[in-house]
Protein chains: 2
Amino acid sequence: MVTIDDVAELAGLSKSTVSRVINHYPHVSQEKKQKVFEAMEKLGYVPNSSARSLRNKKTKMIAVIVPRLMNPFFGQLVESMEVAANQSGYQLLICQTMYSQETELGHLELLKTKQVDGIIMASLENDWSTISEYLTYGPLIMCNEFDESADIPIIKLDQIHGGYMATKHLLRQGHRKIAYCSGGYKSMVANHRKLGFDKALAEHGIPFQDAYGFYNAYTIENGMEVFKQIHAMKDPPTAVFTGSDEVAAGIIAGAREYGVTIPNELSVIGFDNQVISKITEPKISTVEQPIEQMAQKAVHVLVDKINDQKPLIRERYELPLELIIRESTVGGPLRAVE
Amino acid sequence: MVTIDDVAELAGLSKSTVSRVINHYPHVSQEKKQKVFEAMEKLGYVPNSSARSLRNKKTKMIAVIVPRLMNPFFGQLVESMEVAANQSGYQLLICQTMYSQETELGHLELLKTKQVDGIIMASLENDWSTISEYLTYGPLIMCNEFDESADIPIIKLDQIHGGYMATKHLLRQGHRKIAYCSGGYKSMVANHRKLGFDKALAEHGIPFQDAYGFYNAYTIENGMEVFKQIHAMKDPPTAVFTGSDEVAAGIIAGAREYGVTIPNELSVIGFDNQVISKITEPKISTVEQPIEQMAQKAVHVLVDKINDQKPLIRERYELPLELIIRESTVGGPLRAVE
DNA sequence: ATGACTTTTGAAAACGTTTTCAATAACTTG
DNA sequence: CAAGTTATTGAAAACGTTTTCAAAAGTCAT
């Protein structure tokens with residue numbers, strides 16, 4: 001391995017000077033600078049990053065914790081983060097929890113061991129009280145998923161309004177029996193969507209029936225299962241609000257199997273505006289989330305916090321969502337228009 | 001920051017002994033071992049990984065280079081690799097090329113700067129002659145994408161057979177005018193599939209018409225475009241072989257818009273067996289790739305190479321593909337059965 | 001030519017580990 | 001019990017950087 005000493009020797013200078021050249025210090029004569037460059041070039045020298053990290057106490061790496069990549073929402077999120085991180089001179093370490101608390105905690109140890117300069121949490125399996133312990137070791141921010149009580153920067157989307165818009169749309173189409181279907185229990189994202197859902201229902205004086213609630217639905221398969229349950233009901237809903245386009249697609253696939261037409265017999269609205277929502281038959285009405293924007297914001301905020309040494313403070317960044325109306329919710333049973 | 005010296009002091013021992021305890025050396029008395037553990041516990045000590053990396057010349061990190069994560073094939077691949085890497089005690093650094101040669105080269109520098117112990121290339125934007133330069137700096141293997149001439153371990157799938165099986169299936173259904181549609185030009189994966197495709201055609205004495213070739217198709221949108229071109233032909237093909245389920249789905253979506261029925265008027269076969277292939281109308285016949293297996297194999301092979309210091313040698317691991325017949329290719333125009 | 005800066009350079013210390021080396025202590029084995 | 005192992009420990013060097021400190025050399029105003 002070629003080290004800074006080799007370069008110094010070949011250039012006939014001290015390693016201090018070589019280091020100064022590498023790090024663009026002022027006060028190095030053009031002449032020596034030139035010599036150093038030549039020596040580096042000739043030897044193919046490149047600084048060892050472990051040594052740099054040790055000395056500088058900066059690894060130029062950040063980690064992002066997500067549930068799992070196969071979920072296209074997180075795939076997109078991580079894709080955008082990687083690009084943003086690279087542009088800011090950072091490498092992105094990817095950590096999947098696979099919905100396990102222990103795995104999530106294990107990933108947080110990266111901060112303790114100084115393998116990364118900071119962490120973006122887009123997963124939240126553990127309680128904030130547990131996670132906050134790690135704040136001593138480095139900056140930690142939340143992205144998308146969140147805990148209200150955490151006094152750290154949080155970059156999130158206006159999920160309440162998202163749930164509200166989608167539900168309001170269904171209500172406007174005349175639906176009064178609307179099912180609610182979401183992912184994880186613990187998720188505040190799902191929680192907020194439900195708040196928006198409830199608010200819209202309340203505005204129409206409609207009480208929510210517990211029988212219309214479905215939870216832990218993430219995948220297409222889950223969606224098909226949900227459809228079956230709805231189909232078996234004596235008094236089924238006429239519309240379903242879902243937490244993801246995959247689940248909505250599953251409901252549509254289930255309906256097709258049972259010969260139930262959508263949106264006529266059942267309306268479905270998704271969430272995310274994934275490509276899948278554009279290619280099902282019928283196409284899925286959904287709520288678009290500005291994923292790339294959120295990813296970039298998260299990276300920039302974290303990088304700022306890494307550069308400032310100051311302790312983290314409570315900060316909130318909220319981005320808007322957009323309702324996208326397609327075929328899976330229009331032309332359904334018009335019963336009453338507000 | 002609490003260091004090994006703090007632990008040593010509190011335990012009343014030398015840091016050598018503490019280090020030995022941490023690294024599970026033999027020949028440390030139970031008594032001192034206990035003291036060290038207590039001190040570590042009390043101080044919340046955890047070894048600094050930059051210092052470790054510097055001394056051990058091992059970072060316990062590997063990088064995977066992929067075109068981009070939004071492509072679900074790579075999403076799945078990376079998901080499985082991350083899990084496998086973690087199980088082997090490694091962190092996974094993710095690098096996207098976004099189809100840029102320069103970006104790919106930039107990522108390879110990670111090996112020079114010793115930020116990672118090895119690299120898995122699942123992208124291949126540059127020529128092997130360029131990439132091979134980096135072999136001096138650490139192990140480098142290929143996964144999925146490959147270059148025949150590279151004398152390094154390559155984990156790949158039997159794409160020739162994949163192309164052959166799919167095409168043979170179309171021929172068996174009576175098709176004689178079969179279009180071929182693939183992704184990148186440079187890709188040897190696409191290249192091999194074409195070899196299998198050609199082989200099947202040759203067995204039936206059918207020459208391939210250049211007008212039936214479509215390239216650079218990756219996305220649903222690309223697939224829709226391909227359909228439009230096919231639809232505008234005077235003598236259109238009766239079946240299309242595509243390089244991905246997304247493209248196949250796009251063709252199906254395009255056909256739906258133009259009122260062309262699939263598979264009756266046009267048969268389509270995809271590749272990958274992504275979830276999307278199960279939810280289009282009709283469901284897509286496709287070729288399943290053992291992604292998880294390939295990802296695990298790649299990680300294990302790389303980790304082995306990192307542990308052996310020996311120089312890399314030519315190795316080939318080839319995993320089989322499986323034809324999955326669904327609706328998009330059956331019930332088409334039966335013309336002749338072999 | 002003097003004093004007061006500023007620029008340019010190198011030696012050495014520091015970052016937090018692991019490992020080599022040597023020394024001492026504790027066993028064996030005849 | 002002497003000689004030969006083996007177990008246990010610590011001091012110091014090493015990994016490859018960056019940075020502090022000090023010194024030498026240059027510049028400038030008087």
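Here the structure is a predicted model, which is why all the values come from computation and not from measurement. Here is how names work: the chains are called A, B, and so on, in the same order as the sequence lines, proteins then strands, and each is numbered from 1.
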Would you say C:dG16 has OP1 or OP2 under 4.0 Å from some side-chain N or O of B:R52?
no
Side-chain N or O of B:Y25 versus OP1/OP2 of D:dT9: is the shortest distance under 4.0 Å?
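Negative; the distance criterion is not met.
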Side chain to side chain contact (heavy atoms under 4.5 Å, CB included) partner of A:C143, the single match among A:L302, A:V299, A:I154, A:L77
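That would be A:L77.
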Result of checking B:T59, B:I62, B:L93, B:D117 against B:L110 for side chain to side chain contact (heavy atoms under 4.5 Å, CB included)
B:L93
Treating [X] as the side-chain partner and [Y] as the backbone partner, does any N or O pair qualify as donor plus acceptor under 3.5 Å?
X: B:N86; Y: B:V83; result: no
X: B:T103; Y: B:Y99; result: no
X: A:S19; Y: A:K15; result: no

Could you go over nucleotides 12-15 of chain D and give all protein N or O partners under 3.5 Å, atom names and distances?
from: D:dA14; atom 1: N3; to: B:R55; atom 2: NH1; distance (Å): 2.7
from: D:dC15; atom 1: O3'; to: B:K57; atom 2: NZ; distance (Å): 3.2

Side chain to side chain, B:L111 and B:V116, heavy atoms closer than 4.5 Å:
yes
Side chains of A:M121 and A:L108 in contact at under 4.5 Å (non-hydrogen atoms)
yes
I'd like to know if A:E109 pairs up with A:K112 as an ion pair, taking the criterion as any Lys NZ or Arg NE/NH1/NH2 lying under 4.0 Å from an Asp or Glu carboxylate oxygen.
yes
Given atom CG of B:N23 and atom C1' of C:dG16, what is their separation to the nearest angstrom?
13 Å
Tell me the interatomic distance from B:E9, atom CD, to D:dG10, atom C1', rounded to whole angstroms.
15 Å
Nucleotide by nucleotide, nucleotides 4-9 of chain C touches protein heavy atoms under 4.0 Å in the pattern (B base, S sugar-phosphate only, - none) ---SBB
Among all residues two or more places apart in sequence or in another chain, which pass the side chain to side chain contact (heavy atoms under 4.5 Å, CB included) test with A:T97?
A:I65, A:P67, A:E104, A:S123, A:E125
Qualifying salt bridge (Lys or Arg N to Asp or Glu O under 4.0 Å) pairs, either residue in residues 48-72 of chain A, two or more places apart:
A:R68-B:E79
By the salt bridge (Lys or Arg N to Asp or Glu O under 4.0 Å) test, which pairs, at least two apart or in different chains, include something from residues 128-146 of chain A?
none
At a heavy-atom distance below 4.0 Å, what parts of residues 38-49 of chain A sit against DNA chain C?
none
5′-ward residue of the pair A:D5/B:G12 relative to DNA chain D:
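Its nearest nucleotide lies further toward 5', so the answer is B:G12.
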